[in-house]
Amino acid sequence: MEGIILDAEWSLEEFLSILKVKPVGILGTGKDSLDAYDILLKHDVEICCFVSENMAVQGKRIFGKPVFGRKQVEMKWEDIVFIESGQKNSAWGFGQTDMCSYLGYRRNKRFFLLRDYMEISSNGYENILKHIIKSTRGRVVLVGDVWLSLKLKQLLDTYALYYDQVVFCDVFEKYKELKNMCIQICVNEIQKEDYCLLLFPGYHGCFLDNAASILYRQSLLNNYKDELEKFGFVDIVEYPFDDARFMDCLEIKEECCNKEKSIFKPGRILLAQINSHSGNIFFSQILQGHPDILMMPGSYLTSNLYFLCVRLSLFPSSKILKMFWRLYIEEEKRFFYNDTEELFIKKEKFNKYMLELLQKKVWFASWELFVMVHIAYAKMQGREINDISKITIYWEPHFVYGEQRERYVRWLDNIGSNGYIVNIVRNACIRAGSLLHDSDGRDDNAIRKVMGVLMQPNEEKKKYQNWKRIVLKFENLKCNPDSELRLFCKTIKMDWSDMLLKKESIDGSTEIFKLDPVYRTWEKYLSSFDRFRICLINGVWQKEYGYPHADSLNFSFYELQELFDKKFRFEENWIFVNKEMELQYINWRRKMIGELLLNMHRKEILGESGDGVQQNEIQDCGVFV
């Protein structure tokens with residue numbers, strides 16, 4: 001029977017030819033849906049609308065395309081084809097396959113999972129923006145952070161057909177002194193045919209609770225949207241500026257572009273792509289003190305260094321240091337905590353060394369500034385950096401989510417050094433217990449907590465030109481540090497240092513190779529039955545890395561569902577706001593776990609590896625404990 005039932009019924013060319021002669025609607029209005037629209041435009045496929053049952057977005061436009069409900073769409077286009085962009089494997093019923101089939105939209109006839117036919121990558125909506133600039137009458141109106149807006153305007157102006165096709169709107173009049181720096185319009189001058197892009201830094205980790213950081217940024221976006229909508233403007237899109245594929249285009253000053261001639265080219269870059277509670281702090285403590293490694297402590301600065309450097313590259317070298325402190329302090333002082341004094345205990349020395357580096361030339365690319373900040377910071381701490389080509393920069397943007405971190409590969413690749421992505425894997429059961437312990441006593445969202453426990457740790461298997469991936473096991477680093485770390489140094493061609501085997505962290509506060517985190521079972525939060533279920537739902541991944549595992553094929557799907565209907569120990573004492581909220585949570589939990597189990601069945605039947613599957617972002621449904 002193998003090969004008879006396939007996810008994709010057509011070749012890519014046949015699939016695209018179908019879309020080119022049919023009205024096409026994309027399900028959803030999130031980032032996945034916009035990325036899908038972007039890649040379809042790349043293949044000369046236009047869409048007629050986005051489809052959403054969310055009443056709050058119906059009636060709006062996204063890049064000129066209306067947002068309709070399903071019934072509206074059916075009345076307008078009888079033969080419409082629906083595209084779903086978030087998931088793949090339609091033959092297994094993933095995504096909205098079963099629902100669409102129930103409604104009469106046959107799979108691979110009138111309903112398609114786009115990922116069954118092609119990879120969807122994020123590239124800053126390049127094809128959409130080119131299309132609307134060259135093919136429509138509307139202007140692109142940039143709103144939000146003026147510096148990111150100016151950076152994006154550099155690129156879009158190269159596509160523009162006339163002078164004021166890309167403009168900035170200072171909605172809340174925060175940048176009055178900058179009116180001469182760019183073309184600005186007032187909010188009441190935005191016209192219906194215009195397209196509005198909201199641009200803001202990531203604000204990663206701007207509060208001690210990263211969930212609060214996300215809510216802060218979302219509230220900021222909503223404030224701007226509400227103000228724009230007061231003037232009748234409804235075509236508003238949040239721009240994903242950290243889709244770093246654009247960065248090599250954005251550094252348009254010729255002096256910055258030649259990475260081969262750059263004097264700020266380290267020997268190698270290590271980008272840490274480590275799941276939460278899997279050893280990110282532990283690994284950075286190991287690397288601290290190595291004479292050839294530069295790293296900055298985890299902070300708001302390190303997590304937002306990309307956005308800071310991108311904006312600083314707008315300025316000539318004579319203004320960069322002043323703008324560094326302006327941007328950094330202006331943003332940091334808004335938030336819950338301030339780490340400037342702790343990070344820059346010798347601020348004068350940092351300034352001195354940055355000024356010395358900035359005298360090398362007039363303009364710097366953003367990735368050069370990334371290297372320069374690390375050098376100046378190390379010198380501030382008393383490190384001598386004589387030959388940057390022998391230096392390794394270790395960057396762990398701690399508060400940036402994993403998939404987002406990997407987008408920085410495109411940006412850092414411009415440096416032209418040897419690049420390595422470092423993953424650390426850990427037994428899913430013990431990782432789950434560690435996560436629960438860390439969140440104990442906090443009013444964490446119930447959905448977020450259960451997802452953190454059950455979702456398979458996602459070690460991306462993507463390959464990038466000029467980059468190699470290194471996967472380390474948490475337990476091996478703890479139990480056999482000498483052999484593991486010597487192999488690590490050999491792999492990245494970095495000189496060995498006995499400092500890697502130091503017993504305590506540099507500040508003496510932590511015993512680095514203490515073995516408790518390897519064997520602790522966290523009985524307070526997880527029973528033996530709970531740990532078995534975690535091994536079961538992550539069975540393929542656990543087996544791949546040599547951890548305890550269970551085979552889901554030994555159970556019927558009904559039996560599996562029954563196993564997971566029972567609450568976990570950490571759920572037993574949760575008190576919900578009301579019965580309706582509790583029922584909403586139970587229904588969501590059953591559906592989410594069912595999808596995870598079905599995916600595990602699929603992998604075990606097909607013999608696939610345990611690399612993480614792209615999951616749609618699941619919206620919070622307001623359930624709190």
So His204 and Phe307, would you call those rings parallel, tilted or perpendicular, with 30° and 60° as cut-offs? tilted
Report yes if some heavy atom in the side chain of Leu34 is under 4.5 Å from a heavy atom in the side chain of Val237; otherwise report no. yes
I want to check something: taking the side chain as every heavy atom from C-beta on, are Phe513 and Ile286 in contact at a cut-off of under 4.5 Å? yes
Run the side chain to side chain contact (heavy atoms under 4.5 Å, CB included) test on Leu435 and Tyr525 for me, step by step, so that the C-alpha distance in whole Å, both residues' side-chain angles and the decisive distance to 0.1 Å come before the verdict. CA-CA 10 Å; Leu435 181 150; Tyr525 310 106; over 6 Å; no
Grab the two heavy atoms, one from Ile512 and one from Phe282, that are nearest each other, plus how far apart they are. O-CE1, 3.5 Å
In terms of the angle between their ring planes, are Phe200 and Tyr203 parallel, tilted or perpendicular, with boundaries placed at 30° and 60°? tilted
Contact summary for Ala272 and Arg405, nearest pair of heavy atoms: O-NH1, 2.7 Å
Ignoring hydrogens and geometry beyond distance, is a side-chain donor-acceptor pair present between Thr392 and Arg268 at under 3.5 Å? yes
Indicate whether any N or O donor in one side chain lies under 3.5 Å from an N or O acceptor in the other, for Asn275 and Arg431. no
Please list all pairs meeting salt bridge (Lys or Arg N to Asp or Glu O under 4.0 Å) that have one or both residues in residues 473-483, counting only residues at least two apart or in different chains. Asp482-Arg486
Would you check if Leu148 and Pro201 make a side-chain contact, meaning some heavy-atom pair closer than 4.5 Å? yes
Tell me every residue that passes salt bridge (charged side-chain N to carboxylate O under 4.0 Å, His left out) with Glu227, counting only those two or more places apart in sequence or in another chain. Lys230
Any side-chain heavy-atom pair of Lys524 and Asp440 under 4.5 Å: yes
Applying salt bridge (charged side-chain N to carboxylate O under 4.0 Å, His left out), name anything that partners Glu238, two or more places apart in sequence or on another chain. Arg217
Going by atom types alone, do Trp522 and Ser434 pair a side-chain donor with an acceptor below 3.5 Å? no
For residues 491-511, pull every pair meeting salt bridge (Lys or Arg N to Asp or Glu O under 4.0 Å), keeping only residues two or more places apart or in separate chains. none
Near-ring test Tyr547/Phe474, centroid separation under 6.0 angstrom: no
Before giving the answer on side chain to side chain contact (heavy atoms under 4.5 Å, CB included), spell out for Cys309 and Trp411 the whole-Å C-alpha distance, their side-chain angles and the decisive distance to 0.1 Å. CA-CA 11 Å; Cys309 292; Trp411 176 51; 4.0 Å; yes
Taking Lys153 for its side chain and Val166 for its backbone only, find out whether a donor-acceptor pair lies under 3.5 Å. yes
NZ/NE/NH1/NH2 to OD/OE distance under 4.0 Å, Arg531 and Glu523: yes
Show your reasoning for whether side chain to side chain contact (heavy atoms under 4.5 Å, CB included) applies to Leu221 and Gln218. CA-CA 5 Å; Leu221 289 165; Gln218 190 59 51; 4.1 Å; yes
Counting only heavy atoms not in Ile506 (residues, nucleotides, ligands), do more than 12 fall under 6.0 Å from its CD1? yes
Take Trp147 and Ser313 through the side chain to side chain contact (heavy atoms under 4.5 Å, CB included) test and state the conclusion after the steps. CA-CA 10 Å; Trp147 311 115; Ser313 65; over 6 Å; no
Identify the heavy atoms of Ile214 and Tyr401 that sit nearest to each other, and give their distance. CD1-OH, 3.2 Å
Minimum heavy-atom separation for Val453 to Ala432, with atom names? CG1-CB, 3.9 Å
Report yes if some heavy atom in the side chain of Glu368 is under 4.5 Å from a heavy atom in the side chain of Asn414; otherwise report no. no
For the backbone of Gly267 and the side chain of Ser417, can you confirm whether one donor and one acceptor N or O come within less than 3.5 Å of each other? no
Trp467-Tyr420 aromatic ring centre distance below 6.0 Å: no
For Tyr328 and Phe344, take the angle between the two ring planes, folded into 0 to 90°, and tell me which bin it lands in: parallel under 30, tilted 30 to 60, perpendicular over 60. perpendicular
According to the interplanar angle, ranging from 0 to 90°, do the rings of Phe283 and Tyr394 count as parallel (below 30°), tilted (30 to 60°) or perpendicular (above 60°)? perpendicular
Testing the 3.5 Å rule here: is there a donor-acceptor pair between the side chains of Ser317 and Lys360? no
With ring centroids as reference points, do Phe264 and Trp367 lie under 6.0 angstrom apart? no
Please list, chain by chain and in numerical order, all residues satisfying salt bridge (charged side-chain N to carboxylate O under 4.0 Å, His left out) with Asp35, sequence neighbours excluded. Lys31
Report yes or no: does Ser303 contribute a side-chain atom to a donor-acceptor pair with the main-chain N or O of Tyr300 at less than 3.5 Å? no
Would you indicate whether the side-chain heavy atoms of Arg426 and Tyr545 approach each other to under 4.5 Å? no
Enumerate the side chain to side chain donor-acceptor pair (under 3.5 Å) contacts for residues 343-353, please, sequence neighbours excluded, ordered by first and then second residue. Trp325-Asn351
Heavy-atom closest pair (Val422 atom, Leu472 atom, distance to 0.1 Å) is CG1-CD1, 4.2 Å
Is there a side-chain hydrogen bond (donor to acceptor under 3.5 Å, both in side chains) between Ser389 and Asp387? Walk through the geometry before answering. CA-CA 5 Å; Ser389 67; Asp387 186 354; 2.5 Å; yes
Just wondering, do Phe370 and Ile393 contact through their side chains at under 4.5 Å, heavy atoms? yes
Within a radius of less than 6.0 Å around CG of Asn222, do more than 12 heavy atoms belonging to other residues, nucleotides or ligands occur? yes
Between the side chains of Asp243 and Arg410, is the shortest nitrogen-to-carboxylate-oxygen separation below 4.0 Å, so that they form an ion pair? no
Taking all atoms of both residues into account, what is the closest heavy-atom pair of Trp496 and Leu485, and its distance? CZ3-C, 3.7 Å
Is the closest side-chain heavy-atom distance between Leu156 and Leu129 below 4.5 Å? yes
Ring centroids only, cut at 6.0 angstrom: are Trp363 and Phe315 within range, meaning strictly under it? no
